[in-house]
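Here is the structure we will look at, set down as structure tokens.
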Amino acid sequence: MNAVQAVLDDRGLNASAAVEQLDHLAQEQWVPQNGARVVARAWTDPAFRERLLADGRSAVSELGLTLPKHHRHLVVLENTSTIHNVICCTQCSCTAFTLIGLPPDWYKDFEYRARIVRQSRTVLKEMGLDLSADIEIRVWDTTADTRYMVLPMRPSETIGWTEERLVSIVTRDSMIGVSRL
């Protein structure tokens, strides 16, 4: 990687600056707290929740959050007491990274990508999420222009919490769907 970067720099393409900028974005702006803010708002504002479920891309923009142009659609999947959603990218490792952060290593792993679709209940159990047999698991695979984010169920003990406090409990894994809060 450094060799390619050096060659591009030598040709005046300033790859080092671009890499530095991407690193800054990944570390400072593309963080799971963005998605946590979205989730907390949906939990505390029913009108926002409805807009989020109807048109995720438009709703997150209300919070000043943006998606790259090629992420034409953001579909937010609501977990319920009887339905559990989980996302994957069977082709590579696409996520709504500006909201939930860069994908964790296990998400990019071929084993996860292949097995979550065929053996979702087993894979989730191996990851520590043992769902009862009466809960339907729905697996959603990203496409070239559609990204997904899971809206986790709000824990009942958080009723009355401030939006700021709610943000602190939402995890990247819960927005991918491999954990529950």
Side-chain angles (χ1 to χ4, degrees), residues 30-63 65-68 70-104 106-109 112-156 158 163 166-181:
W30 300 338
V31 293
Q33 290 81 1
N34 292 335
R37 284 181 43 222
V38 172
V39 170
R41 177 67 55 89
W43 285 346
T44 59
D45 182 342
F48 176 80
R49 181 183 149 279
E50 290 303 317
R51 291 191 303 278
L52 181 67
L53 295 173
D55 182 354
R57 186 180 181 90
S58 178
V60 300
S61 71
E62 296 175 29
L63 300 179
L65 299 168
T66 59
L67 297 169
H70 68 282
H71 294 183
R72 292 184 33 218
H73 308 285
L74 173 65
V75 178
V76 178
L77 309 160
E78 185 175 31
N79 281 349
T80 69
S81 60
T82 59
I83 297 172
H84 184 83
N85 296 286
V86 61
I87 62 173
C88 71
C89 178
T90 55
Q91 296 297 310
C92 55
S93 60
C94 296
T95 65
F97 60 85
T98 59
L99 299 177
I100 63 177
L102 295 178
W106 56 261
Y107 185 89
K108 298 180 273 186
D109 186 72
Y112 171 79
R113 295 181 357 239
R115 290 182 62 225
I116 194 67
V117 176
R118 296 184 334 266
Q119 303 168 326
S120 54
R121 192 170 303 278
T122 301
V123 172
L124 291 173
K125 187 173 183 177
E126 291 169 0
M127 296 181 80
L129 180 58
D130 190 8
L131 298 170
S132 64
D134 62 331
I135 296 177
E136 177 186 348
I137 299 173
R138 296 180 180 171
V139 180
W140 301 82
D141 191 3
T142 61
T143 66
D145 63 356
T146 302
R147 298 298 185 264
Y148 297 99
M149 183 180 105
V150 173
L151 176 60
M153 285 187 356
R154 181 177 181 171
S156 59
T158 65
E163 197 171 305
L166 290 169
V167 167
S168 71
I169 67 164
V170 179
T171 64
R172 176 184 58 197
D173 286 359
S174 69
M175 294 181 285
I176 292 173
V178 296
S179 73
R180 283 194 163 196
L181 303 174

Requested in this report: In sequence, state the C-alpha distance, the side-chain angles, and the governing distance for Arg147 and Val75, and then conclude on side chain to side chain contact (heavy atoms under 4.5 Å, CB included).
Outcome: CA-CA 6 Å; Arg147 298 298 185 264; Val75 178; over 6 Å; no
Requested in this report: Could you give me the CA-CA distance, side-chain angles and deciding distance for Trp140 and Cys88, then say whether side chain to side chain contact (heavy atoms under 4.5 Å, CB included) is met?
Outcome: CA-CA 6 Å; Trp140 301 82; Cys88 71; over 6 Å; no
Requested in this report: Output, in order, the C-alpha distance, side-chain angles, deciding distance and verdict of salt bridge (Lys or Arg N to Asp or Glu O under 4.0 Å) for Glu163 and Arg37.
Outcome: CA-CA 8 Å; Glu163 197 171 305; Arg37 284 181 43 222; over 6 Å; no
Query - Test side chain to side chain contact (heavy atoms under 4.5 Å, CB included) applied to Thr122 and Arg115, step by step - result: CA-CA 9 Å; Thr122 301; Arg115 290 182 62 225; 3.6 Å; yes
Query raised in the report: Going through the checks in order, is the salt bridge (Lys or Arg N to Asp or Glu O under 4.0 Å) test met by Glu62 and Arg41?
Result: CA-CA 11 Å; Glu62 296 175 29; Arg41 177 67 55 89; 5.9 Å; no
Query raised in the report: What's the verdict on side chain to side chain contact (heavy atoms under 4.5 Å, CB included) for Thr82 and Asp134, showing C-alpha distance, side-chain angles and the deciding distance?
Result: CA-CA 7 Å; Thr82 59; Asp134 62 331; over 6 Å; no
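Without hydrogens or angle criteria, Arg154 side chain to Val39 main chain gives no donor-acceptor distance under 3.5 Å. The main-chain N or O of Tyr107 is never found under 3.5 Å from a side-chain atom of Arg113 such that the two would form a donor-acceptor pair. Using modelled atom types, no side-chain atom of Arg172 and backbone atom of Gly101 make a donor-acceptor pair closer than 3.5 Å. Looking at Thr158, its side chain does come within 3.5 Å of a backbone N or O of Pro155 through a donor-acceptor pair. With hydrogens and angles disregarded, a donor-acceptor distance shorter than 3.5 Å links the side chain of Ser179 to the backbone of Ser174. In this structure, the side chain of Thr146 does not engage the main chain of Thr143 through any donor-acceptor pair within 3.5 Å. Formation of a donor-acceptor pair under 3.5 Å by the Asn79 side chain with backbone atoms of Asn85 is found in this model.
Residues Leu124 and Ile116 form a side-chain contact, since some pair of their non-hydrogen atoms from C-beta on lies under 4.5 Å apart. Counting heavy atoms from C-beta on, the side chains of Tyr112 and Thr90 never come closer than 4.5 Å. Side-chain contact between Ser58 and Arg51 is absent, with no heavy atoms from C-beta onward closer than 4.5 Å. Taking 4.5 Å as the limit, every side-chain heavy atom of Asn34 sits out of range of all side-chain heavy atoms of Phe97. Between Val76 and Tyr148 the shortest side-chain heavy-atom distance does not fall below 4.5 Å. Counting only heavy atoms from C-beta outward, the side chains of Glu126 and Arg121 never approach each other to under 4.5 Å. Contact of the Val178 side chain with the Leu129 side chain is not registered, since no non-hydrogen atoms from C-beta on lie closer than 4.5 Å. Looking at heavy atoms from C-beta onward, Leu67 lies in side-chain contact with Leu99 at the 4.5 angstrom threshold.
Taking both residues in full, the closest heavy atoms of Ala42 and Phe48 are given as N-CD2, 3.6 Å, listed atom of the first, atom of the second, then distance. When all heavy atoms of Met175 and Ile87 are compared, the closest pair comes out as O-CD1, 4.1 Å. The two residues Ile176 and Pro104 have their closest heavy-atom pair at CD1-CD, 4.0 Å. The two residues Ala40 and Leu166 make their nearest non-hydrogen contact at CB-CB, 3.8 Å. Residues Asp141 and Cys89 share a closest heavy-atom pair of OD1-CA, 3.3 Å. The two residues Arg180 and Ile83 make their nearest non-hydrogen contact at NH2-O, 3.8 Å.
Pairs of residues two or more places apart, or lying in two chains, that qualify as salt bridge (charged side-chain N to carboxylate O under 4.0 Å, His left out) and include a residue from residues 71-93 are Arg49-Glu78, Arg72-Asp145.
Of the residues Glu136, His84, Lys125, the one that meets the side-chain contact (heavy atoms from CB on, under 4.5 Å) test with Leu131 is His84.
Between Met149 atom CE and Leu74 atom CG the span is 6.5 Å, to the nearest 0.5 Å. We find the CZ-CG distance between Arg57 and Leu65 to be 11.5 Å, quoted to the nearest 0.5 Å.
Counting non-hydrogen atoms of neighbouring residues, nucleotides and ligands closer than 6.0 angstrom, the CD atom of Gln91 reaches no more than 12 such neighbours.
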